[in-house]
Amino acid sequence: EAGVAQSPRYKIIEKRQSVAFWCNPISGHATLYWYQQILGQGPKLLIQFQNNGVVDDSQLPKDRFSAERLKGVDSTLKIQPAKLEDSAVYLCASSLVFSGTGGYEQYFGPGTRLTVT
Amino acid sequence: KQEVTQIPAALSVPEGENLVLNCSFTDSAIYNLQWFRQDPGKGLTSLLLIQSSQREQTSGRLNASLDKSSGRSTLYIAASQPGDSATYLCAVQGGSEKLVFGKGMKLTVNP
């Protein structure tokens with residue numbers, strides 16, 4: 001079974017530039033998550049999709065970050081314009097639909113390491 | 001607001017030791033708890049998932065326990081090896097479905 005795919009793996013940009021990350025979840029997983037992991041911290045959820053719809057984007061800085069999941073499969077996360085504090089690893093994860101009784105295991109991709117200079 | 005704490009932040013041990021990694025969380029209303037491993041520059045690998053109705057899970061040399069009422073989980077690693085060196089993170093999933101992570105514990109196992 002193929003895992004969660006992400007690209008690019010690394011990206012270096014200057015502040016105020018824009019950048020986009022792509023994620024392809026595990027086939028059949030309806031739920032997709034984007035997390036931000038700053039060095040030395042645990043990942044923090046930015047946005048959660050179930051199929052095409054947004055379930056939780058309460059911690060997404062909406063003035064500069066946007067995300068979409070067209071056709072309920074692939075997803076793109078965009079930052080425009082980037083700030084120095086956006087330097088982090090951006091992780092995509094997917095899982096089966098939440099059951100409401102115990103939840104499902106989340107599977108993570110390799111991440112995209114973003115450096116903003 | 002759920003908070004997850006892992007102490008200590010780092011641990012260095014000689015090969016062969018049995019290890020206990022601790023995780024605590026503030027809100028006991030969780031659906032499950034997951035332990036992850038993260039190697040440098042890599043994503044997260046799920047090690048064990050414990051549902052809220054369970055008390056422990058085992059996989060090979062790893063054993064994770066959950067005491068939901070006291071807000072604690074431990075990950076036990078038997079007979080540690082240099083290949084176990086990595087950062088270990090615990091995360092809890094509550095009603096909002098998102099995972100709330102601790103900051104992780106960096107483990108170094110010396111040959």
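Chain letters run A, B, ... following the sequence lines, proteins first, then strands; residues in each count from 1. FYI, side chains are in, hydrogens and waters are out, and symmetry mates aren't considered; it's all heavy atoms of this structure.
- Both the backbone and the side chain of L99(B) come within contact range of chain A, judged by heavy atoms closer than 4.5 Å.
- The choice from Q54(B), Q38(B), K106(B) that makes the most heavy-atom pairs within less than 4.5 Å of chain A is Q38(B).
- When each of V4(A), L45(A), V89(A), L91(A) is checked for heavy-atom pairs under 4.5 Å with chain B, L45(A) comes out on top.
- Side chains of Q93(B) and N32(B): a donor-acceptor N/O pair is present below 3.5 angstrom, by distance only.
- In this structure, N24(A) contributes its side chain and D74(A) its backbone to no donor-acceptor pair below 3.5 Å.
- Only the side chain of L89(B) comes within less than 4.5 Å of a heavy atom of chain A; its backbone N, CA, C and O stay farther away.
- Judged purely by distance below 3.5 Å, without hydrogens or angles, the side chains of E3(B) and T26(B) never pair a donor atom with an acceptor atom.
- With 3.5 Å as the limit, one finds a donor-acceptor pair spanning the side chains of S95(A) and Y33(A).
- Interface remark: Q37(A) contributes side-chain atoms only to the contact with chain B (heavy atom separation under 4.5 Å).
- With chain A as the partner, the residue from V4(B), V100(B), L44(B) showing the most heavy-atom pairs under 4.5 Å is L44(B).
- Looking at F21(A), Y90(A), F108(A) one by one, the single match for ring pair (Phe, Tyr, Trp, His ring centres under 6.0 Å) with Y35(A) turns out to be F108(A).
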